[in-house]
Every structure is written in C-alpha cells, then in structure tokens.
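Input: a single structure, listed below in structure tokens.
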Amino acid sequence: MEYDFKSIEAKWQKYWAENNVFKAVEDTSKPKYYVLDMFPYPSGAGLHVGHPLGYIASDIYSRYKRLCGFNVLHPMGYDAFGLPAEQYAIQTGQHPETTTVNNINRYRSQMDRIGFSYDWSREIRTCDPAYYKWTQWAFIKMFNSWYNPETDKAEPIETLIEKLRGEGRWDSLNEKEQSDLLMQYRIAYQGETAVNWCPALGTVLANDEVKEGYSVRGGHPVEQKKMKQWQLRVSAYAERLLKDMENLDWTDSLKDMQRNWIGRSRGCEMVFKVQNGDKEYDVTIFTTRADTVFGVTFMVLAPESEWVEKLTSPAQKEAVAEYLAMAKKKTERERLSETRKVTGVFSGSYGINPLTGEKVPVWISEYVLSGYGTGAIMAVPAHDSRDYAFAKAFNLPIIPLIEGCDVSQQSFDAKDGVMCNSGFLNGLTVAEAIPAAIRYVEEHGLGRAKVNYRLRDAIFSRQRYWGEPFPIYYKDGIPTPVDEADLPVTLPEIDEFKPTESGEPPLARAKNWTYKGYPLETSTMPGFAGSSAYYLRYMDPHNDKALVSGDADGYWRNVDLYLGGAEHATGHLIYSRFWNKFLYDLGYVVEKEPFKKLINQGMIQGRSNFVYRIIGTNTFVSYGLKDDYKTTEIHVDVNIVHNDRLDTEAFKAWMPDFKDAEFILENGEYICGWAIEKMSKSMFNVVNPDMICDNYGADTLRLYEMFLGPLEQSKPWDTKGIDGVNRFLKRLWRLFYDHGEFCVTSDKPTPAELKTLHKLIGKVKADTEAFSFNTTVAAFMIAMNELVEEDCHKREILEPLVIMLSIYCPHICEELYHALGHEDSVTYASFPEYVEAYTVENSCTYPVQFNGKMRFTVELPKSASPAEVEKSVREMEQTSRYVAGGSIVKVIVVPGKIVNIVVKQ
RNA sequence: GCCUUGGUGGCGGAAUCGGUAGACGCGCUGGUCUCAAACACCAGUGGGGCGACCCGUGCCGGUUCGACCCCGGCCCAAGGUACCA
C-alpha cells in the first residue's frame with residue numbers, strides 16, 4: 001500500500017461522521033473540557049488558508065484533551081446575521097437568508113475536508129428562530145431588570161418598583177410616567193443619546209463598530225446624531241468587568257485593551273457656582289487633578305451640554321448660537337482631521353472657584369466631550385496640554401503650580417514635583433496633594449470623590465432588516481415586551497430590503513407588523529446580540545424550554561479554552577462578559593465569566609508575486625533585470641508561480657491581456673518579485689485550503705499551518721515550504737509499509753529508540769499544553785529522523801507515536817492505528833505515558849573545585865569515580881548536555897576559558 | 001502622544017531558569033538513482049579566512065565568570081487607543 005491521502009482522508013471522515021465519534025454527551029464520571037472557536041460570519045468569499053489556523057489549533061487541543069481522558073465539548077456554528085448579506089440583498093434583491101445559507105454550506109464543505117472533530121449535532125446559527133428566541137428572551141429579561149447599586153447586581157424590576165413605592169415616587173404616577181421613570185433604570189432601555197450614524201449604511205453603529213470616523217464594515221463615513229435608541233446598560237458593570245478580569249487566563253495585552261476601553265479613572269466631582277446675570281447655578285465638573293484647583297483660570301462646557309443654554313448671557317447669545325451651529329455641522333471625521341484646531345466661544349457667564357473664591361470665565365468648546373464626566377471641566381492651562389492650547393489661543397491666564405516648572409512654551413502635565421501657589425497644598429508633592437485636595441473638598445461639602453469610566457452603554461438598535469427583531473411592541477406608545485410564551489418574534493418577509501421612503505427601517509415595510517393589534521418595534525438587534533451568549537447555547541442546543549438547562553450548564557459551566565482574533569477585544573468579548581454577568585445575577589448561569597482561557601491566533605498574511613511590464617509594451621522583464629528598464633509592477637496570481645518562477649504559459653492563459661506577452665528571462669527563467677501583504681483577492685495572493693487538500697491532503701495542511709510559526713503571531717503564508725511536512729508524512733508511512741508491505745514488527749526496542757520515544761512524549765505533552773504547536777511539530781520531525789536513522793519498525797515505538805501524532809494528523813494516524821490491529825477510533829486511545837527512566841540515568845553529585853574560587857555541583861552517573869568526574873569535565877569540551885537525576889545540568893567547557901556549570905534543582 | 005507586542009541566516013522560525021546562538025523546515029550547492037526530468041535518498045549550508053582562528057541576535061551603555069534573555073537610554077515595525085479632564 002502506498003500513502004494515498006485522498007482515499008484515506010475521505011474514508012475516515014466518513015467513518016467519524018457515521019459513528020458519531022465526536023459527539024459530546026454529558027458524563028459526570030469524566031472531567032469536562034470546553035474548547036470553543038469564535039464562530040465565523042459566513043462571507044461570500046469562502047475560507048482562505050488563514051481562516052482555519054485557529055480551528056486547527058483548537059482541534060489539536062481538543063483531540064489532545066480527549067486522549068488525556070477529558071470529556072470534550074467542541075462545537076461549531078455560524079454568526080449568520082450581518083450587514084454584508086443585507087447589502088448584497090439590497091443590490092441583487094436576493095433574500096439574505098438565501099445567500100447566508102449558500103455561504104454556510106460552502107464553509108461547511110471546506111471545513112469538513114480538514115478533518116475537524118466538531119460535534120456537529122450541536123451546530124447553531126444565530127439567524128435560526130429557534131436560536132434567536134433566546135436572544136429575544138434575554139433582551140426581555142434585561143428590559144425587566146435594573147441594576148441595584150446597593151446589592152451591586154441586576155435584579156428584577158419589581159424590586160425597584162417596591163423601592164420607589166416606599167419612597168412615595170410610584171403610585172401617584174400615570175402609566176406613561178411610570179414607564180418613563182423605569183426606563184431610566186432598565187438594563188435594556190430606550191434613551192436619547194448622541195449615536196454614531198452612518199448615512200451610507202442607513203443605520204447607527206456601536207462605538208466598537210466605528211474606527212477613526214469610518215464604519216468598520218464598508219468604511220463609510222460616520223457622524224454624530226442625537227437619536228432615541230435601545231441601549232444596554234453595560235456601564236453599570238464597568239467595575240465588575242474590570243475586577244473579574246484579574247482571574248482570567250488571558251494575555252496581558254488583551255487585558256490591557258479591555259482595561260483601556262473600560263477606562264477607569266479616579267478623581268473627584270467639584271461644584272462651581274456659576275453666575276449668569278443675576279441667576280446662579282451649581283455646575284458640577286469632574287477632574288482627576290483636584291490638586292490643581294488653585295490654577296483654574298477658566299471653565300469649559302461641551303457644546304452639547306445642557307448647561308450651555310442656561311449659562312449663555314444675552315450679550316453672547318448670537319456668538320454662541322453661531323458656534324453651536326458650526327460644531328454640529330461637523331462630522332466626527334472632520335473633527336478628527338482638523339488636527340487639534342482650537343475652537344471655542346465665551347458664554348458670557350462666570351464661575352466661582354470653590355476654593356479660592358476667584359471669578360473665572362465660562363467658555364464653550366468642542367474639545368470637551370458631553371459623554372464623559374459631567375460635560376463640563378475646570379481648566380488648568382499650566383498643567384493640561386489641551387487647556388494650555390486653549391488658553392494660548394484665547395489669551396487666558398496661565399498659573400504654574402509646581403515649583404520650578406516652565407510653562408512658557410508648553411504645559412507641565414507630569415504628576416510629579418512640589419506644589420506652589422496653592423494655598424494649603426503648598427509644599428506637598430503631587431502624589432500627596434491629590435488626596436489632600438479631595439479630602440478638603442469633601443470635608444467642606446464642595447464635592448466628592450468619584451470614579452469615572454470611559455465605557456459607554458451599548459447602542460442596541462440597528463435600522464436594518466437582517467437581524468433579530470425586538471420582542472417589543474408599542475402599547476399606546478408605551479414600549480412593552482411581548483409575552484414570553486409568544487417568542488420568538490420571527491423576522492417578517494418583505495419585498496425590498498432598503499429603508500422606506502420616509503426613512504424608516506426596512507421592517508416598516510412588513511405587512512401586519514403588529515402584536516395584539518399594536519405596532520412592533522421596527523429596528524433590529526446588532527450583530528453582537530446573537531454572539532453574546534452562543535457559548536451557552538452549545539451546551540444544550542435543542543432545548544426549547546430554556547436557553548440552557550441547569551444540568552447542562554452545571555456540567556459544562558463555561559469555556560475552558562476560547563480561540564479567536566484579537567479584533568474582538570473591545571466588542572464581542574466585552575458584550576459577552578456583560579451578557580454572562582447579567583444572566584449570572586439573575587441565576588440563569590453558574591459562572592461569573594464566560595471564557596477562562598483565551599488565545600488570539602495571529603493573522604496569516606499573503607505572499608504576493610509581481611511581474612514587471614516594460615512601460616508601453618507587452619514585454620515582461622525578470623526580477624533581476626528589471627532595473628535596466630522602465631517598468632510597472634503588476635500583481636500576478638501566486639497559483640501560477642512556483643518558487644518565485646513564473647509559469648509563462650499559464651501566465652499567457654491567465655488573462656486575455658497577456659495572451660501575446662513576451663518575456664526577458666534570466667538563466668532561462670522568469671523570476672518574480674514578492675511582498676508580504678494582506679491576503680486578498682485583489683492582490684491575487686489568496687491560497688484556498690481546498691487546493692492544499694487536493695494536492696497534499698488535510699493532514700499536511702494541518703501540520704504545515706502549525707509548523708509555520710507561533711500560533712499567536714502574524715506570519716506570512718508561503719506554500720513552498722509545505723513539501724517538508726508532506727515528506728515527513730511519507731516517511732512516517734514508510735515506517736509502516738516497506739514497498740507496500742506492512743513491515744511493523746513486535747521486536748523489543750533498543751534503549752536509544754525508547755529514549756527517542758520518551759523524549760518525544762515529554763516534549764509533545766509540555767509543548768501542546770503550552771500551545772507551542774510549531775515546536776511540537778519540530779519535535780515529531782526530530783524523532784522521525786532518529787527512527788529512520790535506526791530503521792525502526794517496532795510496534796512498541798510506532799503505536800504511541802501514532803496516537804500522539806493523531807492530534808495533528810488524524811486521518812493518516814487513524815489509518816495506521818487500524819493497521820496495527822485496532823478496531824476502535826484512535827480518538828478513544830490514551831495519551832502515552834512519559835517514562836523518565838528512558839531519558840534519565842541514575843546519578844549522584846560530586847563537588848568540583850573550579851577556578852580556585854567558585855564551587856559548582858556537577859551531576860553525573862552514580863558509577864562515576866572522582867577521577868572520572870575530573871576526566872569527564874575535561875572531556876566535555878564538545879558535548880555539554882547531561883540529563884541526570886530529574887534535574888538538567890549543563891556543563892560548558894571552552895578550552896582556555898572559563899567553565900560554566902549550571903545546576904537545576 | 002499613550003498602551004501592548006515584537007526586531008535572530010537568503011526565508012519561516014528554535015534556544016525551557018542567564019549557560020555551545022541559528023533546533024526543525026524551506027531555499028540553495030554538490031552527489032546517488034534516471035536516457036532525461038520529477039520524486040526519493042545522501043552530504044554541505046550565518047559571515048570572513050587556505051588555516052589555527054576572528055566576527056556575529058536593531059543601536060549605545062550597564063550588571064555578570066557568562067546576556068538574544070536582566071537593567072538604563074535610543075531606533076524601527078505591527079496592533080490597540082486617542083481631545084476621556
């Protein structure tokens with residue numbers, strides 16, 4: 001038999017599916033392990049070789065855990081609602097469901113070829129009504145809950161009503177007033193805020209869906225707009241989201257990203273009395289630098305602040321109105337592009353510094369944000385660069401407060417030095433002055449210590465069709481949840497997917513979009529709605545009575561290993577944690593955190609190839625000669641380039657333009673240039689996993705993807721290296737089959753062979769557990785080289801080898817495992833045990849005097865005499881690695897130099 | 001600007017705790033097999049020198065018997081974030 005990967009892979013894929021080999025069943029006699037991939041959005045382009053990287057890694061780990069005796073849950077599904085399918089529907093009229101299902105089928109067939117060990121009986125799709133029923137259910141729970149600051153958790157809204165009733169703030173209200181009051185507390189609430197409005201997409205977007213003023217999907221400009229929208233009170237969980245991160249096994253960089261996004265800052269709120277004519281108002285500001293209050297020379301309001309109207313003097317009314325109109329017209333993008341241009345207008349009123357009693361002017365400027373803090377600040381130009389720029393632009397005074405600082409050119413923002421010009425704070429360091437100032441403010445009733453968060457509530461409405469409908473109807477204008485028994489509220493059929501002529505969302509086109517005779521909400525939920533709790537649904541995917549049963553949740557609990565891209569750090573991973581905590585508060589799930597360990601796999605970049613056309617001709621010059629001509633660089637399909645050598649005939653056939661192409665060769669070949677770029681169609685550098693499976697097989701693909709480099713690092717794909725791992729599999733095959741004859745023997749292995757095997761077991765175990773898959777593959781290759789060298793065909797060595805390797809290359813190993821006489825799948829084998837005795841010899845320790853002053857300990861075999869120790873040290877001029885007595889000792893002897901001996905306990 | 005992660009041969013990357021830098025693979029060179037090519041196999045492969053040797057992990061300095069690794073100061077790249085008071 002020869003190694004025929006095509007028939008072997010097809011055979012075992014069929015076998016696994018037919019025998020439900022990977023079906024996960026709750027089994028309390030075994031420890032559980034939950035391995036999850038971030039489920040994909042099925043795009044029209046299909047998978048390229050970059051996509052399966054994480055899936056292969058998680059599959060390897062799942063298979064490893066199974067061999068180690070764990071009951072592994074390893075499911076897969078599709079994040080199927082989303083903008084691209086809907087944009088496509090608008091352009092073509094094709095229903096988004098049709099394209100989505102087509103894409104899913106293509107994804108599935110591509111994944112099936114790679115031999116993943118998913119339990120497909122648990123597949124979920126977010127666009128399936130049986131699934132989004134539970135997204136809607138959770139929304140209703142959020143609508144019917146509030147965040148109780150006293151118990152520091154979400155509670156049913158009834159407890160709030162009781163509280164309000166006790167305070168006499170309930171019974172006197174009418175139904176509308178009650179609804180409006182509760183709306184200020186609900187976890188899922190409707191509120192008017194400035195939102196990111198994307199005119200091109202016709203919808204609002206969440207903060208994490210906008211980057212540098214453009215939509216992440218599509219790259220369209222985004223502007224600020226005040227709108228009434230559904231929102232989730234994520235900000236209530238800011239502190240818990242921050243605190244609970246400590247115990248998670250995530251990388252520091254990812255934790256930092258979340259920390260920055262949550263943006264906790266400690267400071268204090270201070271009340272400034274502001275006089276506008278004969279009226280006086282209490283304006284609260286937030287600052288982290290209470291110590292600088294003696295340097296306040298003006299105050300600033302955000303243009304959107306509610307104080308603006310009250311604090312504008314009649315004389316300034318016109319100027320302020322003009323400024324507001326100008327600021328409003330600007331899009332977010334324009335604000336960003338006008339690199340820190342200072343704008344502002346004087347309001348006409350004056351505030352009183354609560355500590356000094358000094359009078360300072362109140363200005364209005366867009367550098368102050370309405371959404372953060374109180375939308376009003378005290379400005380200390382000497383010690384804040386933004387205030388400094390503003391003071392310089394409008395000629396406002398600057399008072400330095402730190403001894404020896406020079407503020408003639410720029411502000412002194414650093415938090416160190418000794419205070420001056422600051423009354424009772426004089427002589428203190430900044431670190432001492434901040435708490436001292438806050439204490440003073442609190443004691444004198446001028447304000448209070450306050451912690452602020454950058455994290456905002458999540459905008460939860462989208463004016464789109466292809467998403468979950470809200471289970472909300474408007475009963476006489478009052479938003480009311482649909483009865484739980486009537487869920488799901490299914491997406492209605494409509495004939496066009498555009499917004500209506502009057503600018504309403506597409507759902508307004510639906511006929512009879514009503515419930516109990518009242519109109520239903522016409523917005524739909526955003527993409528992150530369906531992905532926030534999907535990991536829970538996999539635990540119990542067919543349950544129609546609950547999101548997840550107590551039994552299933554109690555067994556699987558949460559995700560032990562979560563794999564996916566780092567781009568979800570501030571979106572999905574925050575929302576999911578929030579959603580989980582909410583369900584935890586209400587007692588629906590048992591764990592506080594959804595994902596215990598998280599790994600971000602790196603991006604796989606493409607390696608593009610170029611040809612060089614001499615300008616004005618159809619002649620192409622080889623890379624090494626191109627500098628002799630004037631050329632343009634043209635991307636060429638990497639699939640017709642081998643080893644940077646262009647297949648010129650294939651090139652002529654590639655595009656009609658190149659049919660008559662002529663070539664200037666070097667050494668008879670056309671050499672292409674190359675570059676590392678993002679893998680994309682337009683650069684003709686996309687490598688399809690199907691092609692690799694056709695030419696080399698899935699086992700080779702899996703091994704090569706892991707061999708490419710560290711999992712978490714971005715790295716370029718270059719198909720030319722794949723022959724190496726393919727060769728490895730062929731050599732493995734030859735250990736079993738010599739010229740087609742099965743040649744495995746039951747001979748006893750030699751000590752050298754056992755050493756090779758056990759060294760490998762130790763390495764595979766340690767490196768796999770550390771997710772160092774590239775070095776594990778290297779270890780397999782080293783072992784293979786040694787076994788080939790020994791001409792080893794012994795069952796006692798090969799069987800454990802095949803079991804271990806099956807986590808990487810399941811198809812060939814399944815075949816070989818059966819060839820060894822096993823009936824069952826290798827999935828049910830046990831990971832071989834590492835026996836130290838094969839790599840470690842008995843030892844005792846001898847002291848060695850060295851250099852006359854330093855004393856080291858060398859560990860050597862017990863049988864060695866002191867004379868032999870001396871001798872072996874001298875002999876160890878070339879070799880240096882000793883493994884002895886469970887501790888590694890390295891002895892390095894460089895002739896004529898210092899000898900270094902390292903001892904490990 | 002700030003935060004994070006990186007920088008090692010022609011290329012992807014190894015080096016577990018501070019201990020022979022360059023494992024493993026690609027590519028390249030030479031050889032065997034072949035009419036020939038492909039495949040496969042064997043040998044060599046950081047740079048310099050005939051050689052003994054010398055130089056080498058972004059740059060400068062420090063700690064150490066010894067530094068890719070630790071410390072200080074820079075440079076560069078990738079990702080995140082940005083009027084967050």
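Here is how names work: the chains are called A, B, and so on, in the same order as the sequence lines, proteins then strands, and each is numbered from 1.
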Q. Can you tell me how far P in B:G12 sits from the matching atom in B:G80, rounded to whole Å?
A. 22 Å

Q. How close or far is atom P of B:C42 from atom CZ of A:R727, stated in whole angstroms?
A. 10 Å

Q: Can you label the angle between the A:F773 ring and the A:Y808 ring as parallel, tilted or perpendicular, going by 30° and 60°?
A: perpendicular

Q) If the C1' atom of B:A78 is compared with that of B:C33, how far apart are they to the nearest Å? A) 48 Å

Q: Quote, to the nearest angstrom, the C1' distance that separates B:G72 from B:A85.
A: 33 Å

Q.
What's the gap between B:C70 and B:C55 when it is taken at their C1' atoms, as a whole Å value?
A. 25 Å

Q: Provide, to the nearest angstrom, the distance between the CD atom belonging to A:E705 and the C1' atom belonging to B:G25.
A: 16 Å

Q: Select one nucleotide: of B:C83, B:G27, B:G12, the one nearest the side-chain heavy atoms of A:Y367.
A: B:C83

Q. Within the structure shown, what part of the strands sits under 4.0 Å from A:R289 by heavy-atom distance: base, sugar-phosphate, or nothing?
A. sugar-phosphate

Q) For A:F394, does the CZ atom have more than 12 heavy-atom neighbours from other residues, nucleotides or ligands under 6.0 Å away? A) yes

Q. CZ of A:F728 versus C1' of B:C41: gap in Å, rounded?
A. 18 Å

Q: Determine which bases of RNA chain B form Watson-Crick or G-U wobble pairs with both distances under 3.5 Å, and write the result as a 5' to 3' dot-bracket string with | for other-strand partners.
A: (((((((..(((......[....)))((((((.......))))))(((....)))..(((((..]....))))))))))))....

Q | Test side chain to side chain contact (heavy atoms under 4.5 Å, CB included) applied to A:M781 - qualifying residues, sequence neighbours left out | A | A:F707, A:V725, A:F728, A:V777

Q: Could you tell me which residues satisfy salt bridge (charged side-chain N to carboxylate O under 4.0 Å, His left out) with A:R266, sequence neighbours excluded, listed by chain and number?
A: none

Q. With nearest nucleotides of RNA chain B determined for A:V725 and A:L254 from heavy-atom distances, which residue corresponds to the more 5′ nucleotide?
A. A:L254

Q. So, is the end of the A:R577 side chain (NZ or CZ) under 6.0 Å from the ring centre of A:W250 and within 45° of the ring's axis?
A. yes

Q) Which way is the base of B:G9 turned, syn or anti, if we draw the line at 90° from 0? A) syn

Q: Can you figure out which of B:A23, B:G13, B:A40 approaches the side chain of A:K730 most closely?
A: B:A40

Q. Would you say B:G6 has OP1 or OP2 under 4.0 Å from some side-chain N or O of A:Q713?
A. no

Q) Once each nucleotide of nucleotides 72-81 of chain B is scored for protein heavy atoms under 4.0 Å, what B/S/- sequence comes out, 5' to 3'? A) --------SS

Q. Between A:W674 and A:G263, who's closer to the 5' end of RNA chain B by nearest nucleotide?
A. A:W674

Q.
Students often get this wrong, so: under 4.0 angstrom with heavy atoms, is A:S265 touching a base, only sugar-phosphate, or nothing?
A. sugar-phosphate

Q: Mind calculating the distance between CZ (A:F298) and P (B:A85) to the nearest angstrom?
A: 16 Å

**Q.** A:F771 side chain near A:I599 side chain, heavy-atom distance below 4.5 Å
**A.** yes

Q. A:D256 near the nucleic acid: base, sugar-phosphate alone, or nothing, with a heavy-atom cut-off under 4.0 Å?
A. sugar-phosphate

Q | B:C68 and B:U57, which share atom name C1', separated by this distance in whole Å | A | 5 Å

Q: Please state the P separation for the pair B:A14 and B:G58 - nearest whole angstrom.
A: 15 Å

**Q.** A:N452: side-chain hydrogen bond (donor to acceptor under 3.5 Å, both in side chains) partners, not counting sequence neighbours
**A.** none

Q | Atom pair distance, as rounded to whole Å: CD1 in A:I434 and P in B:A85 | A | 12 Å

Q: Taking only Lys NZ, Arg NE, NH1 and NH2, and the carboxylate oxygens of Asp or Glu, determine whether A:K255 and A:E246 approach each other closer than 4.0 Å.
A: no

Q.
Could you measure the distance from the CG atom of A:D387 to the OG atom of A:S411? Nearest 0.5 Å is fine.
A. 8.5 Å

Q. Would the A:W674 and A:F610 ring centres measure less than 6.0 Å apart?
A. no

Q.
Let's see if you can work this out: which of B:G27, B:A85, B:G25 has an atom nearest to the side-chain heavy atoms of A:K720?
A. B:G27

Q) Please give, in whole Å, the distance from B:G6 C1' to A:N600 CG? A) 15 Å

Q) Between A:Y372 and A:S265, is any pair of side-chain heavy atoms under 4.5 Å apart? A) yes

Q. Is A:R731 near enough to B:A40 that one of its side-chain N or O atoms lies under 4.0 angstrom from OP1 or OP2?
A. no

Q: Compare side-chain N and O positions of A:Y704 against OP1 and OP2 of B:G25 and report whether any pair is under 4.0 Å apart.
A: no

Q | Span that lies between the P atom of B:C74 and that of B:G1, in whole angstrom | A | 12 Å

Q. What interatomic distance, in whole Å, is found between C1' of B:A21 and the corresponding atom of B:G47?
A. 14 Å

Q: Look at the side-chain N and O atoms of A:R607 and state whether any lies under 4.0 Å from the OP1 or OP2 oxygen of B:G12.
A: no

Q. When you measure from every atom of RNA chain B, which of residues 765-781 of chain A have a heavy atom less than 4.0 Å away?
A. A:N774, A:T775, A:A778, A:M781

Q.
The side chain of A:Y372 is closest to which nucleotide in this list: B:A40, B:C28, B:A85?
A. B:A85

Q) Would you say A:R734 reaches B:A40's phosphate, i.e. side-chain N/O to OP1/OP2 under 4.0 Å? A) no

Q) Taking the six-membered ring for Trp, are the ring centroids of A:W717 and A:Y704 within less than 6.0 Å of each other? A) yes

Q.
Heavy atoms only, 4.0 Å cut-off, all strands: where does A:I377 land among base, sugar-phosphate and nothing?
A. base

**Q.** Enclosure of A:Q410 CD (heavy-atom neighbours >12, cutoff 6.0 Å)
**A.** no

Q: Anything under 30° is parallel, anything over 60° is perpendicular, the rest tilted; go ahead and classify A:F390 against A:Y367.
A: tilted

Q.
In this structure, how many angstroms lie between the P atom of B:C41 and the CD atom of A:E789, rounded?
A. 13 Å

**Q.** OH-OG1 distance between A:Y696 and A:T719, expressed to the nearest 0.5 angstrom
**A.** 7.5 Å

Q: Among B:C83, B:A14, B:G25, find the nucleotide with the atom closest to the side chain of A:N785.
A: B:G25

Q. Nearest-Å distance, CG (A:D738) to C1' (B:A40)?
A. 14 Å

